[in-house]
Student: 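If you scroll down you'll find the structure; I have some questions about it.
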Amino acid sequence: GQQVMQIPQYQHVQEGEDFTTYCNSSTTLSNIQWYKQRPGGHPVFLIQLVKSGEVKKQKRLTFQFGEAKKNSSLHITATQTTDVGTYFCAGRNTGFQKLVFGTGTRLLVSP
Amino acid sequence: DAGVIQSPRHEVTEMGQEVTLRCKPISGHNSLFWYRQTMMRGLELLIYFNNNVPIDDSGMPEDRFSAKMPNASFSTLKIQPSEPRDSAVYFCASSTGQVSSGANVLTFGAGSRLTVL
């Protein structure tokens, strides 16, 4: 079945440093979504990418969808303590509603 | 909008007992999803419904698990009998949109944390 892996599993940075998480799917995706889950909370939708090679920005966050639509990345510039949490990518195969979540990257930011 | 509402938030039960988790999706959302989250296995999709009809239950672990959606505003996930390995956070999520659009965004509830002793 479809598998979505993320690396790294965990990253600890100092406030102000940059952070990147990578997402890789075993199959070609119709679109990819990113969610953030704060400690003790629930996943919250951040953004969706649909087009091959698409890049979207939300303030300090930059999201990219690979040309082959099998990988994606999330880059955070100058992390803040409010960025702490686990970041999940979630991919969907063409024609199916089923959304498969990646393994997640847990980010810890020290002040 | 109150969002997706789940109950109970926390449940502690003994092995062998029946557990029922409840979910009220956002009004107007026509798709409902049940996920289970554990440290070892991450976020797993158990089952999802579209217009109250189960579409894919391939993620349901075994016959001890069952899910129903009797109407557009209510769903249950039942575990009978429960086992310690069922301990996890169970999330319900809902979304709007057609199956073919592939553009559905999930809104998650706060989750139900289940501990089976």
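This structure is a prediction, so every number in the text was calculated from the model and none was measured.
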Student: Among P43(A), A90(A), G40(A), G41(A), which residue forms the greatest number of heavy-atom pairs with chain B at distances under 4.5 Å?
Tutor: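 Of P43(A), A90(A), G40(A), G41(A), P43(A) has the most heavy-atom pairs under 4.5 Å with chain B.
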Student: When you group the ILVMFWY residues by side-chain heavy-atom contacts below 4.5 Å and let the links chain together, are F88(A) and V50(A) in the same group?
Tutor: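 No; tracing contacts between hydrophobic side chains, which count when under 4.5 Å, never links both residues.
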Student: Under a 4.5 Å side-chain heavy-atom rule over Ile, Leu, Val, Met, Phe, Trp and Tyr, are M15(B) and F65(B) clustered together?
Tutor: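 They do share one cluster, since a chain of ILVMFWY contacts under 4.5 Å joins M15(B) to F65(B).
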Student: How long is the span from the CZ atom in F108(B) to the OH atom in Y35(A), to the nearest 0.5 Å?
Tutor: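 Result: 6.0 Å between the selected atoms.
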Student: Transitively linked via ILVMFWY side-chain contacts under 4.5 Å: F33(B) with V100(A)?
Tutor: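 Each belongs to a different hydrophobic cluster.
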Student: Side chain from CB out, backbone as N, CA, C, O: work out which of these in Q37(B) comes under 4.5 Å of a heavy atom of chain A, or both, or neither.
Tutor: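 Contact with chain A is through the side chain of Q37(B) alone.
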Student: Below 4.5 Å from any heavy atom of chain A, which atoms of F91(B) appear? Answer side chain, backbone, both or neither.
Tutor: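 Contact with chain A involves the side chain of F91(B) alone.
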Student: Highest number of heavy-atom pairs under 4.5 Å with chain A: which of D56(B), L45(B), V89(B), L106(B)?
Tutor: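 The candidate making the most pairs under 4.5 Å is L106(B).
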Student: Take a 6.0 Å sphere around CG of D63(B) and say whether it holds more than 12 heavy atoms from other residues, nucleotides or ligands.
Tutor: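 Atom CG in D63(B) is not crowded, with 12 or fewer foreign heavy atoms closer than 6.0 Å.
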Student: Between L43(B) and chain A, with a heavy-atom cut-off of 4.5 Å, which part of the residue counts as in contact: side chain, backbone, both or neither?
Tutor: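 Both backbone and side chain of L43(B) come within 4.5 Å of chain A.
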Student: Can you confirm whether more than 12 heavy atoms, excluding those of Y22(A), are under 6.0 Å from its OH atom?
Tutor: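 Counting other residues, nucleotides and ligands, OH of Y22(A) stays at 12 neighbours or fewer.
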Student: At under 4.5 Å between heavy atoms, what parts of residues 103-111 of chain A are in contact with chain B? List them by residue number.
Tutor: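 Interface residues of residues 103-111 of chain A: none, nothing closer than 4.5 Å to chain B.
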Student: Would V55(A) and L74(A) show up in the same hydrophobic cluster when neighbours are defined by side-chain heavy atoms closer than 4.5 Å?
Tutor: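 No; L74(A) is not reachable from V55(A) via cluster members.
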Student: Picking from G42(B), G59(B), G109(B), which has the most non-hydrogen pairs under 4.5 angstrom with chain A?
Tutor: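 The candidate making the most pairs under 4.5 Å is G109(B).
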Student: Report, as yes or no, whether the 6.0 Å neighbourhood of atom CD on E14(B) holds more than 12 heavy atoms from other residues, nucleotides or ligands.
Tutor: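 No, the 6.0 Å shell around CD holds no more than 12 heavy atoms from other groups.
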Student: Provide the full list of disulfide (SG to SG under 2.5 Å) pairs with a residue in residues 15-91 of chain A, sequence neighbours left out, each pair given once.
Tutor: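 Checked against disulfide (SG to SG under 2.5 Å) - neighbours excluded - the pairs reaching residues 15-91 of chain A are C23(A)-C89(A).
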Student: Mind checking whether V4(A) and F63(A) sit in one hydrophobic cluster, side chains of I, L, V, M, F, W, Y counted as touching below 4.5 Å?
Tutor: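 No: no chain of side-chain contacts under 4.5 Å links V4(A) to F63(A).
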Student: Assess whether atom CD of Q9(A) is packed by more than 12 heavy atoms of other residues, nucleotides or ligands within 6.0 Å.
Tutor: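 Counting other residues, nucleotides and ligands, CD of Q9(A) stays at 12 neighbours or fewer.
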Student: Pick one of side chain, backbone, both or neither for T107(B), based on which atoms fall under 4.5 Å of a heavy atom in chain A.
Tutor: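 Nothing of T107(B), per the 4.5 Å heavy-atom cut-off to chain A.
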